Structures are given as C-alpha cells and as structure tokens.
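See below for the structure under consideration.
Values below: all heavy atoms of this structure, side chains included; hydrogens, waters and symmetry mates excluded. What you see is a predicted model, and the numbers here were worked out from it, not measured in a lab.
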Amino acid sequence: MTAVSGAIRFILNGEEISLTDIRPETTLLDWLRLEQRLRGSKEGCAEGDCGACTVLVGRLMDDEIIYDSVTACIRFMGSLHGTHVVTIEHLRGENGNLHPVQQAMVDHHGSQCGFCTPGFVISLYGLWMRNPDPSQGAIEKALQGNLCRCTGYAPIIRAGKAMSSYGLPQGDPLLAERIALKDKIKAIHDGRRVELGEDAERIIVPASLDDFAALYEANPEATIVNGSTDVGLWVTKFMRPIGPVIFINHLQELKAIADNASEVRFYAGVSYSEALPVLAENFPDMAELWNRIAGEQIRNMGTLGGNIANGSPIGDTPPPFIVLGARLTLRRGSHRREIKLEDYFVAYGKQDRQPGEFVESVTLPLLPTGEKFAVYKISKRREEDISALCGAFRVFVNDGGTVGMARIAFGGMAATPKRAKAVEAALVGRPWTQETIDAAVAAFAEDYQPISDMRASADYRLLSAQNLLKRFFLETTGHGQRLRREVA
C-alpha cells in the first residue's frame, strides 16, 4: 500500500511551506498576493499571456534544480509539491545592492509605469542563470511571454544585453542558497502520495506513474492537471470547479524521451521547451513552429500530452504529428493500447479515450530519406498567438518526378485536426509540378468546410490552406524562399 502524506510542501524563496488546507482552484498568484502579501507579481490577464505574474519554479532534474519561468496566474498550488518558487522579492545583489538584472533595467530605462517590470526581470533572471551573455534572439525568445505597453521593448532588450556586465551567475547570492535547497527538495520527494481534502475539494499528487494510473482508473471523474495551460483558464475565465484533481507535473516517468534509429517517443509530461532540442535535431522544420507556440513561460508549462489529450481543433502539435504518422499509447491501469494519432480525434470535444484512460506517450517515426516535410502556422500576431490555422505537409517524389505519397493535415479547419485526403488523392500518382498543384487546390473544399470566427473567416482559412500548398511546392522545388526568423 502506498504511504500517504497530507501536505503540499515546497520552498517559497528561502522558506519551507507546508499546506494542509488548500482548494484545487487556488492559483499561485492569488496565494502569493492574498496570503503571503508578495505583491510584486501582478495580475494583468489571468490567462498566461502578459507575463506580469512571472515567477521561477525550480524542480529537481538529474540531481540539479532546473528553473523555469512560469505564469503564476494559471499555476495551481497543488502542482508545487517538491519545488522551489522564486519571486521578484527574493532577488538581490551582492552587499545589499540591486541584482545585476535589476540594475541593468534601471540604467537602461527598461521600466516606465513599472506594472510589467517584475515579470520582465524574472524572465531575464531565468535567462541570465542559463546564459549570462545571450544573443538578441535569445533575449527576444525569453521575453516572448512578457508584454509591455510603455517601453517599446528596445530599452528592455538593451538591459538584457548588458546584464552580464553587472555581474555573473557565479556571484549570485542565490546560488549558494539553491545548492543548500537541493537536499530539502530531495527530502520532500519521499515517495509518498499526497492527498488533501474530500470529494470536489480533493487534491491528489501521485507517488509514481503506476500510482497515478491506479488512481485515475479508480477516479475517472477526476481532472488531470499537468501544465495547467488549458485547465488554468477553466478557473480564471470560466470560474469552473475542477476538483477532484490529480496533479502529475512532478512525475519523472512522464518526462522521459526515448529515441532510436527509426523513431522518437515523447512521454506525455514532456514540456514544449524540453521537446524542442530533440524535435529540432530530428525534424528541423518543426523548430520554427515550436518557437511560435505561446511564450517562454507557457512552453515551460505546457506539455505534448496535454496538447493532444484535450482534443482541441486548433492545437499546434497534432497537424505535424499526424502527417509524420504519430502513434499514441493510451493507458488505463496496467493496460495499454496503441492507436494512430489521427484516429484519436473522433469529433469536436470527443476523443477515443475511455473513462480512466490517459495519454501516456506519443511516438513519431523519423522521416525517411528523400521525403519533403514542412509545417506552417497562420495567426494574427506572429508571437504568442493562437493559430487561425496550422497546416503540415509531407510528400515523397520518386525519381521520375511523380508524387508517390502525400500526407496533409490541418488544425483550425474542422471540428478536429484532420487530414486533407481529397487533396492527397489529387496529388498522388501525378507529377510534382505547378499544374498538378493548381488542379489539386480545389480539392480543399471537399476536405474542409471551415467556420468564421474571431481569428479568421471561413474564406480566409480556405484560401490560406490552398496558398500554403502552393508555398510548400515552391519551397520544395527551389522556386520559393523560405522566410525564417532565426532564434538562438
């Protein structure tokens, strides 16, 4: 029988916290501001978009504490067990001075009204710890999830470029503290399950992946929360109760990535940030899409499994994963089954997932030599915006110049992520030429009947899908220049 603890335990700045009475819906931002009176973290949007509430959350990984910038407004207290939370109030320099990042912001006039400033400082602090002398591209990437209405960003970027001249991570007063905290965090991870509350107020933090599987099989009505980038908005925007809740973001088994000569397997708890290096190495054309998914904080929180499991028709990962022939492993208790990803999406809001069953992993076959692949995201804003549509393309053209295989999939065009099978049929067996493309684009109207909404009209979506096929053809035949934005 699994031993049980009755407290969520974590480190807040330099203090160990033990909570035995907390609601499933309580966010870290509300708790910091209302219970701890730490009000440097601000609420701007309550949906993880503006970055004003950014804090660092450190977690134990391979015997080191890894710090991620996250948005506290949609991070739930139950997800903090065994972590180190660092807020703006904890930053300090040597000998009582400002922290190097803070001093750089002062000297380079990176703050005006000051509302967003703590979030920017925390995001830059996280970057400075990893890379004290970052490129402008790296600074911009780290700040994608931080919005400022005053400065125009240029002074903040100048501060990011200059911060290493004010001090290096080796002299950070928090460094020695973090080393000492490692043993405390290890002690919190004592192999016990955490359970608080009852019925709809129940919070569960499983002891292991097997413990989670057994718990969810026995409690299929529970809400599973990993990154909370979706569930967080159920609470902050729709005021929905989410209990009972099973928090799984701490499960190291779900953070695994396994690869071999033919495929890559991502377990469901791998975040977007953790997946990027492996995806960029094996599927280089996916890296550009990845850097346009939300902002840094959301990429640190959101997971591959969550993006697939919620079945959203506008999720960015399903279209490219479908054309790559991804397979899902679904688990219920000790039983596992494998299905094609494209078969998982049944209808709007409905997936091929039974009560008590969860997405355990997704496996991507590597592209065979000679195949062409690309993925495109269309959105109103380039940075940190939900897709109006996302299209992925994969073709094989044989030595005779004829299309031997075509797989095309879109999100945002139908009630589920869906393949364009009529367009595929119009391509296969025909020469890979402009004439074939011009004839095939009409088949998009057979595959999709998109809707009009706040992100795009139906006509715009259909025309964009057609034009993306043309763009893919031009890029793969050397007649088009791929526009890329280099991000370090």
Checklist entry - What heavy-atom pair brings Thr151 and Gln112 nearest, and what distance separates the two atoms? => result CA-NE2, 3.8 Å

Using a 3.5 Å cut-off and no angle test, enumerate the donor-acceptor pairs between side-chain atoms of residues 52-63 and protein atoms at least two apart in sequence or in another chain.
unit_1: Thr54; atom_1: OG1; unit_2: Gly51; atom_2: O; d: 2.6
unit_1: Thr54; atom_1: OG1; unit_2: Gln297; atom_2: NE2; d: 2.9
unit_1: Arg59; atom_1: NE; unit_2: Asp68; atom_2: OD2; d: 3.0
unit_1: Arg59; atom_1: NH1; unit_2: Glu274; atom_2: OE2; d: 3.3
unit_1: Arg59; atom_1: NH2; unit_2: Asp68; atom_2: OD2; d: 3.2
unit_1: Arg59; atom_1: NH2; unit_2: Glu274; atom_2: OE2; d: 2.7
unit_1: Asp63; atom_1: OD1; unit_2: Lys186; atom_2: NZ; d: 2.5

Item to check | Residues that Phe283 engages under ring-ring contact (aromatic ring centres under 6.0 Å, His included), provided they are two or more places apart | outcome: none

Item to check | Short side-chain donor-acceptor distance under 3.5 Å, Arg292 and Ser379 | outcome: yes

Next on the checklist: How close do Pro24 and Phe247 get, counting heavy atoms only, and between which atoms?
Outcome noted: O-CZ, 4.3 Å

Checklist entry - Do you know which two heavy atoms are closest between Arg336 and Arg331, and how far apart they sit? => result NH2-NH1, 2.8 Å

Next on the checklist: Quick one about Asn219 and Arg202 (side-chain donor to acceptor, distance below 3.5 Å, no hydrogens or angles considered), yes or no?
Outcome noted: yes

Checklist entry - Is there a ring pair (Phe, Tyr, Trp, His ring centres under 6.0 Å) between Phe10 and Trp31 once you walk through the steps? => result CA-CA 13 Å; Phe10 62 97; Trp31 183 80; 5.6 Å; yes

Item to check | Polar contact flag, side-chain donor to acceptor under 3.5 angstrom, Ser457-Arg461 | outcome: no

Next on the checklist: Test of understanding: with side-chain hydrogen bond (donor to acceptor under 3.5 Å, both in side chains), list the residues that count as partners of Ser111, not counting sequence neighbours.
Outcome noted: Thr117

Next on the checklist: Please verify the inter-ring angle class for Trp290 with Phe321; under 30° counts as parallel, over 60° as perpendicular, anything in between as tilted.
Outcome noted: parallel

Checklist entry - Can you list the steps and then say if Tyr125 with Tyr67 is a ring pair (Phe, Tyr, Trp, His ring centres under 6.0 Å)? => result CA-CA 10 Å; Tyr125 176 50; Tyr67 288 87; 7.9 Å; no

Checklist outcome for this item: Sorted by chain and residue number, the side-chain hydrogen bond (donor to acceptor under 3.5 Å, both in side chains) partners of Tyr216 (sequence neighbours excluded) come out as none

Next on the checklist: Within the structure provided, determine whether His99 and Asp172 are in side-chain contact (heavy-atom separation under 4.5 Å).
Outcome noted: yes

Next on the checklist: With a 4.0 Å cut-off on N to O distance, would you call Lys340 and Glu342 a salt bridge?
Outcome noted: no

Next on the checklist: Using every non-hydrogen atom in the two residues, find where Gly40 and Glu89 come nearest and quote the distance to one decimal.
Outcome noted: N-OE2, 2.8 Å

Item to check | Residues in side-chain hydrogen bond (donor to acceptor under 3.5 Å, both in side chains) contact with Lys377, at least two apart in sequence or another chain | outcome: Asp316, Ser387

Checklist entry - After noting the C-alpha distance and the side-chain angles of Lys184 and Glu15, does the key distance pass the salt bridge (charged side-chain N to carboxylate O under 4.0 Å, His left out) rule? => result CA-CA 11 Å; Lys184 291 185 178 181; Glu15 177 187 1; over 6 Å; no

Checklist entry - Can a donor-acceptor pair be found between the side chains of Asn260 and Ser262 at a distance below 3.5 Å? => result yes

Checklist entry - Are Arg92 and Glu177 ion-paired here, with the side-chain N under 4.0 Å from a carboxylate O? => result yes

Checklist entry - Do we see a donor-acceptor contact under 3.5 Å between the side chains of Arg299 and Ser273? => result no

Checklist entry - Do we see a donor-acceptor contact under 3.5 Å between the side chains of Tyr272 and Asn300? => result no

Item to check | Any donor-acceptor N or O pair under 3.5 Å, side chains Gln144, Glu296 | outcome: no

Next on the checklist: So which atom in Tyr344 and which in Ala309 form the shortest heavy-atom distance, rounded to 0.1 Å?
Outcome noted: OH-O, 3.0 Å

Checklist entry - According to the salt bridge (charged side-chain N to carboxylate O under 4.0 Å, His left out) rule, which pairs have a member within residues 230-253, sequence neighbours left out? => result Glu47-Lys237

Checklist entry - Is Asp211 paired with Arg193 through a side-chain N to carboxylate O contact shorter than 4.0 Å? => result yes

Checklist entry - Which heavy-atom pair separates Glu43 from Phe115 by the least distance, and what is that distance? => result O-CZ, 3.5 Å

